[in-house]
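The first residue in the sequence is number 1, and the count goes up from there. Worth knowing before you read on, the calculation uses all heavy atoms, side chains too, and leaves out hydrogens, waters and symmetry mates.
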Amino acid sequence: MSKSTDKAYAAIYEALTDGRLRPGEHLSEERLAREIGVSRTPVREALRRLSAEGFVEFLPNQGGKVPFLSVDDVIEIFDLRVILESYAASIAASKINLAQLDELGELCGKMEKAVAKRSPTHLEDISASNRRFHRILIEAARGQRLGRILTQVIEMPLMLDTYNRFSVDDMNRSMRHHRELTIALTARDSDWAEAVMRVHIQSAP
């Protein structure tokens, strides 16, 4: 895959997962190529790859479209997260390194401050830190196949504006889960980490 295709993929992927591209939105190859600074061919290849991963509906000769997810789709995604990410957390407890633990602690602090401050961009700030938090767990588990599967399963809910549906109590509970999970991982307790992750995902509104 060319560097231009990688660049196009990364740019579109980021726009999808941070909410700049919304469900139902048409993805014009010409417009995306112009915005990203590449030709249409890399954009087309990037859309094909994103389509294979379930993030985009690719339309031959038309570009792509951000898909709408049905209720059944959302239930399936979260059921998979419960199984796979809880498993990843249990593995990460025995493999995570000190640098990763330190970063998890820093991310907990950032999210907690964002919740307390409630700035105009606090949901975006929390979402970015949350994405990194869960990415560290995947990296710590050190399983390439698991990582590939979980990346799609974790990132897809970010397109659903999950945090926009959180009440104040939901948000505070989520922050406690992140903090407790970090403590469980620091204690190298696989069962504890798995249990906290399971409750964390199942508690999402």
Please check this pair: side chain of Arg142 against backbone of Lys95, looking for a donor-acceptor N/O pair closer than 3.5 Å. yes
Looking at residues at least two apart in the chain, or sitting in another chain, which of them share a side chain to side chain contact (heavy atoms under 4.5 Å, CB included) with Glu35? Arg31, Leu32
Could you give all pairs that pass the salt bridge (Lys or Arg N to Asp or Glu O under 4.0 Å) test and reach residues 97-121, with sequence neighbours left out? Glu103-Arg132, Glu112-Arg179
Side-chain heavy-atom pair Leu123, Met171 within 4.5 angstrom cut-off: yes
Ile138 vs Leu146, test: side chain to side chain contact (heavy atoms under 4.5 Å, CB included). Steps then yes/no. CA-CA 8 Å; Ile138 295 174; Leu146 179 62; 6.0 Å; no
Interatomic spacing from CG in Leu137 to CZ in Arg135 - rounded to 0.5 Å: 10.5 Å
Expected output: side-chain Ser94 to main-chain Ile91 donor-acceptor under 3.5 Å: yes
If we only count heavy atoms from C-beta on, is the Trp192 to Glu180 side-chain gap below 4.5 Å? yes
Under the salt bridge (charged side-chain N to carboxylate O under 4.0 Å, His left out) rule, collect the residues that match up with Glu57, sequence neighbours excluded. Lys65
Nearest-0.5 Å distance that lies between atom OG in Ser127 and atom CD in Glu124: 8.0 Å
Can you name the nearest heavy-atom pair linking Val196 to His177, along with the distance? CG1-O, 3.6 Å
Gap between atom CG of Leu21 and atom CG of Leu50 - 0.5 Å precision: 10.0 Å
Looking only at heavy atoms, which two atoms of Ala46 and Ile12 are closest? And how far apart? CB-CD1, 4.2 Å
Using the side chain to side chain contact (heavy atoms under 4.5 Å, CB included) rule, take His134 and Asn130 through it: C-alpha gap first, then chi angles, then the decisive distance, then the call. CA-CA 6 Å; His134 288 269; Asn130 178 66; 3.1 Å; yes
Contact list for residues 182-204, test salt bridge (Lys or Arg N to Asp or Glu O under 4.0 Å), sequence neighbours left out: Glu194-Arg198
For Glu14, give me all partners under salt bridge (charged side-chain N to carboxylate O under 4.0 Å, His left out), at least two apart in sequence or on another chain. none
For Glu29, which residues count as a side chain to side chain contact (heavy atoms under 4.5 Å, CB included) partner, sequence neighbours excluded? Arg40, Val43, Arg44, Leu47, Phe58
Supply the atom-to-atom distance Asp79 CG to Leu84 CG, rounded to the nearest 0.5 angstrom. 10.5 Å
Note: Gln100 and Ala140 closest approach over all heavy atoms is OE1-CB, 3.7 Å
His122 meets the ring pair (Phe, Tyr, Trp, His ring centres under 6.0 Å) criterion, sequence neighbours left out, with none
Quick one: closest heavy-atom pair of Gly105 and Thr182, and the distance? N-CG2, 4.2 Å
Partners passing side chain to side chain contact (heavy atoms under 4.5 Å, CB included) against Ala193 (at least two apart in sequence or in another chain): Ala89, Ala93, Leu181, Ala184, Leu185
Minimal heavy-atom distance between Ser174 and His200, with the atoms involved, is OG-CE1, 3.4 Å
Single-linkage hydrophobic cluster, 4.5 Å side-chain cutoff, Val199 and Ile201 together: no
If you apply the rule side chain to side chain contact (heavy atoms under 4.5 Å, CB included), what do you find for Leu107 with His178, and how did you get there? CA-CA 9 Å; Leu107 290 167; His178 284 105; over 6 Å; no
Between the CG atom in Leu98 and the OG1 atom in Thr186, the distance rounded to the nearest 0.5 Å is 9.0 Å
Least distance between heavy atoms, Arg49 atom then Asp6 atom: NH1-OD1, 4.0 Å
Going by salt bridge (charged side-chain N to carboxylate O under 4.0 Å, His left out), name the residues that satisfy it together with Glu76, two or more places apart in sequence or in a different chain. none
Quick one: side chain to side chain contact (heavy atoms under 4.5 Å, CB included) partners of Ala195, sequence neighbours excluded? none
If I take atom CZ from residue Arg34 and atom OG from residue Ser28, how far apart are they, to the nearest 0.5 angstrom? 7.0 Å
Between the side chains of Asp170 and Arg173, is the shortest nitrogen-to-carboxylate-oxygen separation below 4.0 Å, so that they form an ion pair? yes
List for me each residue that meets ring pair (Phe, Tyr, Trp, His ring centres under 6.0 Å) alongside Tyr87, sequence neighbours excluded, and say none if there are none. none
